[in-house]
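Report on the following structure.
Residue numbers run from 1 in the order of the sequence given. Counting starts at 1 for both ligands and their atoms, in listed order.
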Amino acid sequence: MTALLEVNGLRVAYGKIEAVKGISFSVEAGQIVTLIGTNGAGKTTTLRTLSGLLKPLAGTIRFDGRPLAGIPAHRIVALGLAHSPEGRHIFPRLTIAENLQLGAFLRKDGEAIAKDVQRVYDLFPILGERARQAAGTLSGGEQQMLAMGRALMSRPKLLMLDEPSMGLSPIMMQRIMATITELKASGTTILLVEQNARAALSLADRGHVMEIGKIVLSGTGADLLHDESVRKAYLGED
Ligand code: ATP
């Protein structure tokens, strides 16, 4: 079976600073794959490059059987690769419903869009209850839900989530993690970037540890959770 996403020898630089130094990994359809690592390891840069927002210095990205080189970001979304960015980037003055509609901006199938909005409300009932309110009135965790919901509105084959648990209370974080598991069960493939390595590895099929632009360790989520170096460096154990 070929992978849904295949990244080979990817290098990305900001001017002279190389933030991603030749990484390779793949994501099989139906899997949750996580990239973990400390601040500045290059995780966000990797996701932004996969989305077409940054141009790689070298390497190849294949998604759903085709190379992504030179394809603009909006076309990449249309191919089925959606990105829920770090820091959320919702539109605070628009309503929750309007923010979700924006996630479907490339689609013309009105009825199906309405169904998908309903599906997001089923996943996150608070969004449905407050559909007509300005998104800026939501709490941080609720805004995170909205960002995920908006990414889902493009009906992605692969959903990339950047730090979905950032700044959330433990209860909200559990809710987001449970939703990621539900999304997997409904057939969405997920690439998850997380600071919270324990939570991410607990639900991931595979994980990759990034350090200063490189993947230094890869394995199943369970393997990495039990790996001594991971436990010391990322799970706060001695
Ligand atoms: P974080 O969790 O803090 O986002 P990360 O693993 O996602 O960490 P990146 O944000 O990808 O890491 O950053 C990788 C490196 O690239 C860091 O050294 C960072 O300072 C640098 N970097 C990120 N964005 C830029 C930018 N716009 N211009 C210059 N350097 C940048």
Salt bridge check, K115 against E111: does any charged N sit closer than 4.0 Å to a carboxylate O? no
Could you tell me whether A41 and ligand 1 have an N or O pair separated by under 3.5 Å? yes
Any nitrogen or oxygen of Q195, main chain or side chain, under 3.5 Å from a nitrogen or oxygen of ligand 1? yes
Under 4.5 Å between side-chain heavy atoms, counting indirect links through other Ile/Leu/Val/Met/Phe/Trp/Tyr residues: same cluster for M153 and L158 or not? no
Relative to ligand 1, is T38 under 4.0 angstrom through side chain, backbone, both or neither, heavy atoms considered? backbone
With salt bridge (Lys or Arg N to Asp or Glu O under 4.0 Å) as the test, would you mind laying out the steps for R206 and E28 before giving the verdict? CA-CA 10 Å; R206 285 194 71 74; E28 304 284 341; over 6 Å; no
Between Q133 and T137 the two heavy atoms that sit nearest each other are OE1-OG1, 3.4 Å
Among E211, K43, M210, M166, which one puts a heavy atom closest to atom 6 (O) of ligand 1? K43
So, does G42 sit close enough to ligand 1 that a heavy atom of it is under 4.0 Å from the ligand? yes
Identify the protein heavy atom lying closest to atom 10 (O) of ligand 1, giving its residue, its atom name and the separation to 0.1 Å. T44 CB, 3.6 Å
I need the atoms of ligand 1 closer than 4.0 Å to a non-hydrogen atom of A19, numbered in the order shown. 14 (C), 15 (C), 16 (O)
Please find the pair of heavy atoms, one from A135 and one from I90, that lie closest to each other, and give the distance. CB-CD1, 3.6 Å
Heavy-atom protein neighbour under 4.0 angstrom from atom 24 (N) of ligand 1: yes
E194 with K43: basic N within carboxylate O range, under 4.0 Å: no
Could you check if a side-chain atom of V230 sits within less than 4.5 angstrom of a side-chain atom of L225, using non-hydrogen atoms only? no
I'd like to know if E163 contacts ligand 1, where contact means a heavy-atom distance under 4.0 Å to any ligand atom. yes
Look up atom 29 (C) of ligand 1 and tell me if a protein heavy atom lies less than 4.0 Å from it? yes
Are M166 and L203 connected into the same hydrophobic cluster when the rule is that any two of I, L, V, M, F, W, Y join if their side-chain heavy atoms are below 4.5 Å apart? no
With the threshold set at 4.0 Å, does a side-chain nitrogen-carboxylate oxygen contact exist between R48 and D162? no
Got the closest protein heavy atom to atom 14 (C) of ligand 1, with its distance? G40 O, 3.4 Å
Atom of S24, atom of I215 and distance for their closest heavy-atom approach: O-CD1, 3.6 Å
Identify the protein heavy atom lying closest to atom 22 (N) of ligand 1, giving its residue, its atom name and the separation to 0.1 Å. Y14 CE1, 3.3 Å
Report yes or no: does a heavy atom of I212 sit under 4.0 Å from some atom of ligand 1? no
To which protein heavy atom is atom 3 (O) of ligand 1 closest, and what is the distance rounded to 0.1 Å? N39 OD1, 3.0 Å
Shortest protein contact, atom 11 (O) of ligand 1 (heavy atom only): T45 OG1, 2.4 Å
